[in-house]
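Taking it in order: structure first as structure tokens, then the write-up.
Naming: A, B, ... by sequence-line order, numbering from 1 per chain. As the structure is a computational prediction, the values presented were derived from the model and not from experiment.
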Amino acid sequence: MTMTALSDGLAEARIEQPKPQRTTLWLVLPGVLWMTLFLVLPMLMMVYVSFWTQTTFAITPVLTTKSWVNFFSSDTYLTALWTTIRIWLTVLAATLLVGYPTALFVGLFVRNKTLQTVLLVLCVIPFWTSFLIRVLAWRPMLGKEGAINLVLQGLHLTSAPIEALLFSELSVVIGMTQIYCVFMVGPIAFMLGRIDPNVLEAARDLGAGFGRIFRTIILPLSMPGVVVGAIFVSVMVLGEFATSAALSGRKVNLLGNIIVTQVGSLKWAFAAVVGVVLTVIMGVVVAALLRVVDLRKEL
Amino acid sequence: MLYDLELIKVGKIYDNGTPAVVDFDLAVVKGEFIAFLGPSGCGKTTTLRMIAGFEQISSGTIRVRGSAINDLPPERRPTSMIFQNYALFPHMTVRRNIGYGLEVKGLSAKQRAAKVDHLLATLSLEDVADKRPDKLSGGQRQRIALARGLAVEPEILLLDEPLGALDANLRKTIQAELKILQKTLGITFVFVTHAQSEALSLSDRIVVMNQGRIEQISPPHQLYTRPDTPFVARFIGRNTILDGTVKGVVGDQVLLETALGSLSGRANGPLVGGQAAKIVIPAEAMEARAAGPAGPVSRSSVNVVGATVRRSDVVGHVSHIAVALPTGTPVALEGHVDKYPPDAFPAGGDIVLTWKAAEATVIPAA
């Protein structure tokens with residue numbers, strides 16, 4: 001009620017508000033300058049450079065599609081593209097699978113606000129240490145003589161260490177899921193926390209059991225959180241290279257790893273091609289996710 | 001007799017040991033409009049939520065049409081609740097909101113549409129049927145909540161301060177609509193409110209609650225004329241309450257010795273000589289007249305006390321006279337200007353107040 005009154009008030013205020021004055025436009029200038037210099041121009045440059053001519057030791061601004069043809073005719077790179085998409089989808093599903101129930105618990109079933117904050121802070125504790133440490137910490141966990149294998153053997157559940165745990169696609173997925181899960185939990189818990197408990201009671205009162213309430217009320221009302229979480233996770237996972245470098249033993253090559261390698265060997269034009277491909281993928285993913293819900297309306 | 005709703009010695013004790021509701025006894029016949037009235041924190045909403053099933057009862061029994069519903073979860077109780085903030089489903093259209101309960105019951109889309117259309121028409125919501133509730137006014141959302149609750153054809157409709165969030169004018173309109181709707185449907189309404197006027201104008205019977213206990217259950221006008229307890233006398237209407245000791249009881253008339261002399265009223269409750277009691281005099285029962293040599297004729301059935309005018313104002317055609325009894329107790333009187341011409345009651349002037357013994361109530365002090 002008060003919310004609507006408030007938004008009604010805002011709507012009215014908006015109508016009465018004069019158009020932004022020319023002078024107030026100066027306020028956005030630093031931001032616009034920054035973004036132009038360090039985001040728009042570099043991206044345009046990246047597209048431009050992807051068409052330059054690359055030789056073993058030099059790169060010249062002579063336009064050619066050679067690097068592009070190279071990318072799309074090479075099995076190695078197409079495999080990397082596919083691996084990137086596969087790992088992205090797997091991690092997205094895994095973070096959702098682990099994150100949603102966690103968020104459901106924190107956001108909906110813990111009604112004590114203090115406890116809710118404490119639990120969310122607990123989710124963030126791993127961030128108190130650096131990204132690389134968090135990734136590398138998985139090695140002594142998953143390794144052949146790592147914690148998991150030792151425990152499994154100690155309990156006589158396995159007779160030999162499970163080697164597939166480390167330096168495989170699985171270890172990359174495990175590592176990424178742990179690192180990015182919190183970005184899924186946060187937005188979903190936020191949306192769930194905003195659900196009016198009376199709304200859920202009203203549904204029960206009308207005869208709905210938990211399954212139906214979840215399907216028809218909780219899930220739809222938390223969708224904006226899922227979408228925001230999915231955008232966070234997708235953008236970060238698609239651009240990943242460190243986790244796969246540290247945990248895959250160079251067996252898993254993501255587009256990010258290829259960029260790193262190509263830049264390392266000064267193959268700027270080719271790195272630019274991969275950069276453009278990756279940027280397009282991210283753009284498509286974000287646009288598609290935004291079509292699922294109208295965030296402007298829901299937030 | 002088969003009651004629609006029975007609460008038998010219902011009690012609620014919170015986990016921390018505080019009692020919220022104590023020994024709540026009430027029997028409601030079908031089609032009655034019952035109001036739970038009381039100050040905030042008196043346990044009225046808790047009682048309503050116990051009937052709905054959202055609060056566990058700690059003791060006692062709740063029956064609907066004779067069968068105990070204590071152990072039924074809210075989704076299986078034959079009650080519908082209208083929440084104070086309406087609790088509409090924000091992501092569904094008005095139509096789907098209203099049809100939700102029917103969807104749950106497994107009605108086909110066609111059956112649902114027929115019922116929902118009927119409710120939309122009854123509550124004049126056709127124009128907004130396909131809108132989301134957050135785009136609508138308070139009054140419309142209130143009606144959507146009602147339609148959604150009524151769609152499942154409950155035995156009993158529970159309303160938790162449903163008019164609280166509306167502005168004064170709209171509240172009057174919806175009050176009237178609610179009353180008509182209830183009479184038309186003939187189902188039992190249990191209504192929680194802290195607003196006297198709402199309870200008095202809507203309900204057949206009012207349950208006045210204070211600190212988790214029932215103070216009085218009676219039809220609205222009886223709360224005015226025959227308050228059972230000092231709390232009800234203070235809470236309902238504008239009463240002057242004076243302490244005294246019972247001097248004598250004759251029939252239903254009680255003579256009370258007070259600081260203002262001997263006063264008489266009708267007994268309500270067991271009273272014996274020497275007992276501490278209170279006399280409750282409604283402002284409407286009091287008449288003021290200028291004190292003078294031609295003073296009032298004293299009759300045993302009429303009480304007379306002196307008072308001093310503090311202030312007198314005229315608003316439109318109504319005179320408001322604020323007087324003070326010798327004990328300092330303020331009394332507010334009002335009447336037509338013809339009856340109380342403002343110049344007849346100047347501030348500081350002495351007057352006498354009279355009332356008929358039959359219109360005052362004497363109740364035990366405790």
Side-chain angles (χ1 to χ4, degrees), chain A residues 1-12 14-15 107-112 115 188 190-228 291-299, chain B residues 48-49 51-55 72-92 96-107 132-142 144-145 148-154 156-158 160-162 164-167:
Chain A
M1 190 64 211
T2 31
M3 277 299 291
T4 339
L6 200 67
S7 51
D8 283 352
L10 284 177
E12 279 165 34
R14 213 172 293 137
I15 296 163
L108 207 63
F109 295 115
V110 179
R111 277 298 174 189
N112 177 333
L115 187 58
I188 298 176
F190 173 77
M191 286 311 292
L192 289 171
R194 292 191 354 165
I195 297 179
D196 175 2
N198 283 346
V199 163
L200 303 180
E201 286 188 343
R204 274 194 86 181
D205 195 53
L206 293 167
F210 182 78
R212 181 183 291 270
I213 294 178
F214 180 77
R215 220 171 51 241
T216 56
I217 304 198
I218 297 173
L219 195 60
L221 287 178
S222 67
M223 269 324 271
V226 174
V227 166
V228 170
R291 292 199 70 125
V292 178
V293 282
D294 186 350
L295 283 184
R296 271 171 305 175
K297 213 161 76 189
E298 305 290 345
L299 287 181
Chain B
L48 194 78
R49 290 174 58 83
I51 302 172
F54 293 120
E55 297 276 357
L72 292 184
E75 57 268 36
R76 291 184 45 210
R77 294 194 182 195
T79 55
S80 270
M81 178 131 159
I82 310 298
F83 292 82
Q84 184 170 12
N85 62 358
Y86 315 135
L88 299 173
F89 307 130
H91 57 298
M92 298 181 189
R96 181 135 187 252
N97 260 281
I98 297 173
Y100 189 82
L102 305 173
E103 199 178 307
V104 173
K105 278 188 175 175
L107 262 67
R132 299 262 196 107
D134 54 344
K135 299 270 180 284
L136 306 174
S137 72
Q140 285 168 323
R141 289 195 289 162
Q142 214 274 345
I144 299 165
R148 187 181 64 178
L150 291 169
V152 292
E153 294 174 4
I156 296 160
L157 195 70
L158 306 168
D160 184 10
E161 306 229 10
L166 303 174
D167 65 60

Task: Shortest non-hydrogen separation from Met92(B) to Ile217(A) and the atoms involved - done: CE-CG1, 4.2 Å
- [ ] Just jot down the side-chain hydrogen bond (donor to acceptor under 3.5 Å, both in side chains) partners of Glu103(B), sequence neighbours excluded, or say none.
- [x] Arg96(B)
TODO: Would you name the heavy atoms of Glu75(B) and Ala208(A) that are closest together and state the gap between them?
DONE: CB-O, 3.9 Å
Open item on the list: Just so I understand: if I count every heavy-atom pair under 4.5 Å between each of Leu200(A), Asp196(A), Ile195(A) and chain B, which residue has the most?
Closed with: Asp196(A)
Open item on the list: Using heavy-atom distances under 4.5 Å, tell me whether Pro154(B) contacts chain A through its side chain, its backbone, both, or neither.
Closed with: neither
TODO: Can you see which heavy atom on Asn85(B) is nearest to which on Asn198(A), and at what distance?
DONE: OD1-ND2, 3.2 Å
- [ ] Check Ala202(A) against Ala87(B) and note the closest heavy-atom contact, atom names and distance.
- [x] CB-O, 3.8 Å
TODO: Could you pull out the closest heavy-atom pair between Glu201(A) and Phe54(B), with the gap in Å?
DONE: O-CZ, 3.1 Å
Task: Partner residues of Asp167(B) under the side-chain hydrogen bond (donor to acceptor under 3.5 Å, both in side chains) criterion, sequence neighbours left out - done: none
- [ ] Just give me the residue among Gly149(B), Gly53(B), Pro73(B), Ser80(B) that pairs up with chain A most often, heavy atom to heavy atom, under 4.5 Å.
- [x] Ser80(B)
Task: Contact origin within Leu158(B) toward chain A - heavy atom pairs under 4.5 Å - done: neither
TODO: Quick one: closest heavy-atom pair of Val104(B) and Arg212(A), and the distance?
DONE: CG2-CD, 3.4 Å
- [ ] Check whether any side-chain heavy atom of Thr216(A) lies under 4.5 Å from a side-chain heavy atom of Tyr100(B), and answer yes or no.
- [x] yes
